[in-house]
Each structure stands twice: as C-alpha cells, then as structure tokens.
Amino acid sequence: MSYRICVVPGDGTGPEVVAEAMKVVTAAGARHGFDCQATYLDLGGERYLRTGETLTGADLEVMRGSDAILFGAVGHPDVKPGILEQEILLRLRRELDQYINLRPVKLHPGVHSPIADVKPEDVDMVVVRENTEGLYSGKGSFTAKDSPFEVAVQESVNTRFAVERCVRFAFDLASHRPDRHITLCGKTNVLTYAWDLWARVFDQVGSEYPDVTRAYAHVDAACLWMVEDPARFDVIVTDNMFGDIITDLGAAIQGGLGIAAGANMNPGGVSMFEPIGGTAPGFEGSGKINPLAAIGAAAMMLATLGEADAARRVEEAVAAVAGSLPSLRAGQMGMTTTEVGDRVADMVAG
Ligand code: IPM
Ligand code: MN
C-alpha cells in the first residue's frame with residue numbers, strides 16, 4: 001500500500017515534532033509493508049508574512065487529494081493572534097468537514113501525573129468534541145461598538161444534524177471499547193436551548209445502543225471529577241467549546257501537552273492529525289520539545305488509514321518511551337527531541 005500524506009509542519013516547534021512523527025511513520029511503513037508519499041505545504045506565519053496568504057484553493061486541493069493530513073501547529077509572534085488559527089486551523093476543520101475532534105486521554109505507566117496517587121488504569125478516556133459549530137461558528141455581533149453602551153454577542157450554533165452525527169460517532173466508539181460507557185458533558189441547567197437539544201439527541205441515539213451505559217455531567221462537575229475520580233470516564237461527548245477546555249485539562253492529567261494527541265476526523269473524507277499543544281513559543285529550534293504528542297497523532301493517522309497493526313506498534317512504543325522519560329515536559333526529558341523520536345523509531349523498527 002502507498003498513502004498520500006499531506007504534511008503541514010507549520011510554525012514554532014511544529015516542524016521539529018512533525019519531522020520526528022514522519023520518521024516514525026517511515027519506520028512503521030518499512031516494518032509493516034506500506035509507504036507514505038508526503039507532500040509538504042508551508043502553511044503558517046512565515047508564508048502569511050511573506051505573501052499575505054493563509055490557505056489557498058490550491059492548498060485545499062492538495063489536502064482534498066490526500067489520504068490524511070499531518071499537522072504541526074500554527075501561530076506566529078509577528079502575526080496578530082487569531083488570524084492563523086481562524087484562517088488555517090479552524091477553516092480547515094470546516095472546509096474538510098472534520099466534524100469530530102477525537103482526543104484520547106490516557107496515562108501511560110511510569111508517566112508522572114499531577115494528580116497524586118492516580119493509577120494508569122484510572123485514566124483512560126476519549127473525548128469526542130464536536131468540531132464544526134457551537135461557539136466556534138463565528139456568529140455574533142457588536143452593537144454600539146466602542147461606546148459605553150457596547151454589546152458583544154457571541155452565538156452558539158447547534159444544529160440537530162451536527163449534534164446527531166457527533167453523538168452517534170461517540171456511541172459507536174463507546175460500543176467498541178471495553179467499558180462501553182459514555183458521558184454527555186454539557187450545561188443543561190443554564191444553557192437551556194443548546195443542551196436541551198444535545199440531551200434529547202443523546203437519549204434518542206443512546207436508545208439504539210442498549211449495551212452502552214449513559215451518564216450526564218455538567219461541564220464544571222466534569223472538570224472536578226476528571227481530577228478527583230477520572231476512572232468514572234470512558235467516552236465523553238461534548239460541544240466544541242467545552243471540548244476545547246476539558247481536553248487541556250485532560251492533557252494535564254495524562255502528563256502534559258507533550259503527550260496529548262488529537263484527530264480532526266471526517267469519517268467519510270480526509271482527516272487531520274495534530275499534537276494539541278500548539279507552537280510552544282520560546283522552544284522552537286532548541287531541541288527541547290517533546291515529539292511524543294505528534295508521534296501519537298501519527299499513530300492515530302495510521303489507525304485511520306487502516307494500518308491497525310502499525311498504529312498499535314507505534315502507540316506501544318510511545319507508551320514505553322513516555323514511561324521511560326524523567327518528565328514529558330519540554331526541556332525536562334533528559335533527551336533531545338530527535339533522540340526521543342529516534343528511540344520510538346528504533347522500537348517500531350526493531
Ligand atoms: C485546539 C486549539 C484551537 C481550538 C485554537 C488554536 C483555535 O486550542 O485545537 O484545541 O480552540 O480549537
Ligand atoms: Mn485547545
């Protein structure tokens with residue numbers, strides 16, 4: 001098999017971690033009998049400053065013609081915050097209809113979690129974040145801007161179509177996991193329109209999955225329980241904004257952004273895989289950044305491409321290397337970025 005991979009190293013530490021991820025993908029291909037033809041796109045701050053372009057029709061064409069996209073990070077100190085995020089990352093999620101943001105939260109044995117005494121078997125959940133609408137839909141308005149009477153409205157858009165496909169994806173995922181448990185994470189007590197729709201859809205779709213047990217948690221309580229009792233969670237399904245927030249909390253409890261990977265999924269189209277940590281300003285070029293999150297994202301990419309054995313092998317190598325490092329934090333790994341990538345690649349090859 002041969003796969004067309006669109007690689008977007010991006011800004012900051014993106015290129016360094018993506019290079020290690022591609023190294024591991026190549027090793028996995030050699031071992032499992034597939035190869036990846038990479039097409040690199042230079043999306044990000046440098047190009048924007050040079051040309052004024054963020055994402056062109058030609059870029060999108062390359063992406064649409066790929067089997068998967070591996071994405072580093074975007075964000076540049078000389079570009080006003082928001083432009084690159086909005087016009088590249090968020091736009092891609094919508095243009096390619098990557099309606100699920102899948103973010104596993106797993107504590108590997110030997111990895112330090114800031115929660116004292118937590119055991120690896122207690123932290124094994126997957127957040128299914130709706131990835132196209134909610135508060136991210138860009139709808140809203142200013143009235144009387146810059147006056148003392150100014151009103152800024154930011155609307156959360158929730159369509160039954162998008163809620164239902166997200167919830168269905170989550171139930172399907174839960175039905176294939178050992179615990180077969182799902183929690184809807186919302187705010188039904190205050191956001192009485194959006195979460196009423198979510199709760200109704202959750203119950204309707206849930207009735208088609210009798211062997212998946214259902215729970216509900218308000219988002220604030222979910223934050224408390226993710227720290228105090230993470231074992232109660234298996235699959236969590238939630239909207240775009242809450243999913244953004246609780247997955248940073250999830251990243252913290254699994255050892256930090258150095259290990260947190262995610263997938264922007266279009267199950268019928270082209271999906272995009274990324275470390276969720278961003279550009280890590282201040283660390284670029286230092287060899288201090290942890291590439292395990294990007295390598296973990298590459299493992300999710302291989303799983304989605306149908307290379308299940310290769311994906312499992314990469315995941316196991318990531319877990320083993322993570323557990324062997326003194327810390328997963330940038331600059332505290334006791335090894336350089338390249339050395340960590342080499343160690344994973346060697347395990348995958350060996
Ligand atoms: C994430 C990031 C993005 C988001 C930003 C960079 C727009 O925080 O992927 O979680 O809010 O979705
Ligand atoms: Mn985020």
Side-chain angles (χ1 to χ4, degrees), residues 93-94 96-106 123-137 156-188 191 194-223 225-226 230-251 253-254 260-269 271-274 276 296-297 300-301 303-304 311:
R93 290 174 181 170
R94 277 194 299 266
L96 301 174
D97 203 18
Q98 292 161 341
Y99 59 88
I100 299 295
N101 199 322
L102 191 65
R103 296 187 164 179
V105 177
K106 201 174 162 116
V123 181
D124 186 2
M125 59 188 104
V126 185
V127 177
V128 176
R129 165 185 175 190
E130 201 289 322
N131 210 30
T132 57
E133 52 177 45
L135 278 169
Y136 280 65
S137 62
S156 173
V157 175
N158 299 261
T159 64
R160 180 177 278 266
F161 175 77
V163 171
E164 187 170 335
R165 65 182 177 174
C166 176
V167 166
R168 197 171 287 284
F169 181 97
F171 270 99
D172 192 64
L173 176 68
S175 72
H176 290 97
R177 285 171 59 90
D179 288 352
R180 292 207 210 97
H181 184 63
I182 187 169
T183 305
L184 175 68
C185 168
K187 193 73 187 176
T188 52
L191 308 178
W195 289 101
D196 190 81
L197 170 62
W198 276 84
R200 278 181 282 123
V201 170
F202 185 70
D203 284 340
Q204 277 158 21
V205 175
S207 67
E208 297 170 32
Y209 291 85
D211 35 347
V212 176
T213 53
R214 274 178 257 166
Y216 171 79
H218 292 318
V219 61
D220 48 349
C223 290
W225 289 329
M226 279 173 73
R232 73 165 69 202
F233 295 112
D234 180 22
V235 172
I236 300 178
V237 62
T238 190
D239 77 353
N240 212 339
M241 186 76 259
F242 293 167
D244 179 45
I245 297 166
I246 69 169
T247 54
D248 266 34
L249 179 59
I253 68 178
Q254 69 178 329
N264 300 275
M265 305 274 298
N266 176 343
S271 298
M272 178 165 80
F273 302 84
E274 54 170 346
I276 77 173
M300 296 178 81
M301 177 174 85
T304 304

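One-based numbering along the sequence shown. Values below: all heavy atoms of this structure, side chains included; hydrogens, waters and symmetry mates excluded.
- The distance from atom CG of N264 to atom CD1 of I100, rounded to the nearest 0.5 Å, is 10.5 Å.
- Under a 3.5 Å cut-off, the side chain of Y216 and the backbone N or O of A199 do not form any donor-acceptor pair.
- A pairwise comparison of heavy atoms in I253 and P230 identifies CD1-CB, 4.4 Å as the closest pair.
- Applying the salt bridge (charged side-chain N to carboxylate O under 4.0 Å, His left out) criterion to D196, with sequence neighbours excluded, gives R200.
- Looking at heavy atoms from C-beta onward, N131 lies in side-chain contact with N240 at the 4.5 angstrom threshold.
- Side-chain N or O atoms of T183 include none that pairs as donor or acceptor with a backbone N or O of F233 at under 3.5 Å.
- You'll find the side chain of L191 reaches within 4.5 Å of the side chain of F242, heavy atoms only.
- Across all their heavy atoms, A260 and A251 have their closest contact at CB-CB, 3.7 Å.
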Requested in this report: Evaluate the side chain to side chain contact (heavy atoms under 4.5 Å, CB included) criterion for residues V219 and M241: first the C-alpha distance (whole Å), next the side-chain angles of each, then the deciding distance (0.1 Å), finally the verdict.
Outcome: CA-CA 10 Å; V219 61; M241 186 76 259; over 6 Å; no
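- E133 contributes no side-chain N or O that, together with a main-chain N or O of A162, makes up a donor-acceptor pair within less than 3.5 Å.
- Remark: T304 pairs with no residue by the side-chain hydrogen bond (donor to acceptor under 3.5 Å, both in side chains) rule, at least two apart or across chains.
- Under the 4.5 Å side-chain criterion, counting only non-hydrogen atoms from C-beta, T188 is in contact with H218.
- Taken from CE in M300 to CG in L102, the straight-line distance is 4.0 Å, to the nearest 0.5 Å.
- Of all heavy-atom pairs spanning A261 and P104, the tightest one is O-CD, 3.5 Å.
- Residue T247 holds its OG1 atom at 8.0 Å from CE of M226, rounded to the nearest 0.5 Å.
- Under a 3.5 Å cut-off, the side chain of Q254 and the backbone N or O of K106 do form a donor-acceptor pair.
- Looking at I236 and I246, their side chains come closer than 4.5 Å, going by heavy atoms from C-beta outward.
- Taking every heavy atom of both residues into account, R103 and I276 meet most closely at NE-CG2, 3.5 Å.
- Residues in residues 172-187 take part in these salt bridge (charged side-chain N to carboxylate O under 4.0 Å, His left out) pairs, two or more places apart or across chains: D124-R177, R177-D234, K187-D220.
- Taking 4.5 Å as the limit, some side-chain heavy atom of W198 sits within range of a side-chain heavy atom of V237.
- Taking every heavy atom of both residues into account, C185 and T238 meet most closely at O-OG1, 2.7 Å.
- Between atom CE of residue M265 and atom SG of residue C166 there is a gap of 12.0 Å, rounded to the nearest 0.5 Å.
- Judged purely by atom type and a 3.5 angstrom limit, N158 has no side-chain atom pairing as donor or acceptor with the backbone of A194.
- Checked against side-chain hydrogen bond (donor to acceptor under 3.5 Å, both in side chains), R232 has the following partners two or more places apart in sequence or in another chain: D229.
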Requested in this report: Check the pair L197 / R160 against side chain to side chain contact (heavy atoms under 4.5 Å, CB included), numbers first and verdict last.
Outcome: CA-CA 7 Å; L197 170 62; R160 180 177 278 266; 4.2 Å; yes
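- When all heavy atoms are compared, the tightest approach of A303 to A311 is N-CB, 3.5 Å.
- Applying the ring pair (Phe, Tyr, Trp, His ring centres under 6.0 Å) test to Y136 and every residue at least two apart in sequence or in another chain returns nothing.
- Among residues two or more places apart in sequence or in another chain, the side-chain hydrogen bond (donor to acceptor under 3.5 Å, both in side chains) test is passed with D239 by none.
- Looking at R129 and D244, their side chains come closer than 4.5 Å, going by heavy atoms from C-beta outward.
- The aromatic rings of F171 and F202 sit tilted relative to each other, their planes meeting at an angle between 30° and 60°.
- Under the 4.5 Å side-chain criterion, counting only non-hydrogen atoms from C-beta, V128 is not in contact with I182.
- With a 4.5 Å cut-off on side-chain heavy atoms, V205 and E164 count as touching.
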